Amino acid sequence: MENRQALRKATELLAERLASPEQVSTWNLAHGWWPQSLARGALGVALLHIERARTGCASWQRVHDWLACAAHDGVLGGPESHLFYGAPALAFALQATADRPGRYARALDTLDQHVAATVRSRLKKAHARIDRGELPALSEFDAIRGLSGMAAMLMRREVHADLARDMCAYLVRLTEPIKNDGELLPGWWSDLAPSGTRTTDFPGGHANNGMAHGIGGPLAALALGMLHGITAPGQSEAIERICSWLDRWQCQGAAGPWWPYWITRERLRTGEPGAGPSRPSWCYGAAGLARAQQLAALALHDTARQRRAEDALLCAVTDQGQLDQIVDASLCHGFAGLIHLTRLMEADAISPGLPQAVPNLVQRLLPARPESLSESLLAPRSGPVDIGLLEGAAGVALALHSARTGTAGTAAWNACFLIN
């Protein structure tokens, strides 16, 4: 079967299994039933149906059913909400229905007010923390729970243009060095472990190099801001500071460049990056950081860095040793994410080779009949299933759909991953 046919069939099977929120809510779900979750619940599935409806592959009625399900019991706002949960997550999903102007305008206007209030409150706390000279929690700034992720949503709405610039101003401050216990550290250094908790395994904290929870998110957000004309004083210098940090910790393996997932105090003092390369993925590893650096290079018109970023991804997706570390299908850290990132970077690339890497990635995701993928994701013989965007079936189906239709670069859901 041709790749395109296999992609279409696999996508349709997954979408059909995820057709009805009433039915899906009764399944044995890995993370329980989370209607307002973009990562794990109904809003992630809604994004799948939105993208299929936008491209004429499905009806808008399914979109409405899943959005109505998400909003049925009210929407969480305030400090516990973020891009992947609550009011901001619902607002992001409604923004993705832009092909249906006016349909959800009133709801989106109301959500805009709640989102703006939440962002202003969080920005005020973040600036106060910096003023006190304290180190941040990852959840202050990261792509999943933090202000980098919220920035991606604000940049898509003209009504939030001024607030998006305020967000860029905060991210600029985040990159400025900070002194702690007599050591000069990057401003995003957290005194917590990567889990967001304080543990004895990370004395003195760490600097996180991931896209999901580390400095990759702010780098991508600052670059996307510049590419969309949303800037604050010092933004290009902030991008260069982050890139210089990544250059400092770039390692050269037999198969190409890689970056350690995080730097501890001990590694900072010794200059030793630790063992690697590890799994190349969006959340951590070469693939996500390659896209963030490609975006940074495009924002700064730095063709040398752009070539290095594209070469880093090409090495990661053609090295069997690194690919063998990928053990699932997901967008977050699986083959669906690699396929989508490769397609995105290919569209902007000035270096050759990325298109030729895609068929092998598709083959790894769909090694047999298309039915086997939907069966493995949504009809396992034992154990719960994951319907979500980050690690589950909705995210896999979105990547397959974009690969088949050639819409990787125009997909509205890219923004929540800070990749376009």
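This one's a predicted model, so the numbers in the text were calculated from it and none came from an experiment.
Ring pair H340/W413: centre-to-centre distance below 6.0 Å.
Legend: residues meeting ring-ring contact (aromatic ring centres under 6.0 Å, His included) with W282, ordered by chain and number and at least two apart, are F417. Taking the side chain to side chain donor-acceptor pair (under 3.5 Å) definition, one finds that T110 meets it with nothing, sequence neighbours left out.
The existence of a salt bridge linking R343 and E346 is confirmed by a sub-4.0 Å separation between a basic side-chain nitrogen and an acidic carboxylate oxygen. The residues R265 and D191 are annotated as not salt-bridged, no charged nitrogen and carboxylate oxygen being separated by less than 4.0 angstrom. At a threshold of 4.0 Å, the pair D302-R308 does not count as salt-bridged, since none of the basic side-chain nitrogens sits closer than that to a carboxylate oxygen. Ion pairing between R8 and E12 holds under the 4.0 Å rule for side-chain N and carboxylate O. Salt-bridge formation is not detected for the pair D166/R120: no Lys NZ or Arg NE/NH1/NH2 atom is positioned less than 4.0 Å from an Asp or Glu carboxylate oxygen. Ion pairing of R269 with E183 is present here, as a side-chain N (NZ or NE/NH1/NH2) and a carboxylate O approach within less than 4.0 Å.
Classified by interplanar angle (parallel below 30°, tilted 30° to 60°, perpendicular above 60°), the ring pair Y284/H213 is tilted.
Annotation: side chain of M167 is not in contact with side chain of L163 (no heavy-atom distance under 4.5 Å). With contacts defined as side-chain heavy-atom distances shorter than 4.5 Å, the pair V24/V45 does not qualify. The closest side-chain heavy-atom distance from D142 to N208 is not below 4.5 Å.
Relative to the ring axis of F92, R156 places its NZ or CZ within 45° and under 6.0 Å from the centre.
E22 and S20 share a side-chain donor-acceptor pair at under 3.5 Å. No hydrogens or angles considered: a donor-acceptor pair under 3.5 Å links the side chains of T197 and S195.
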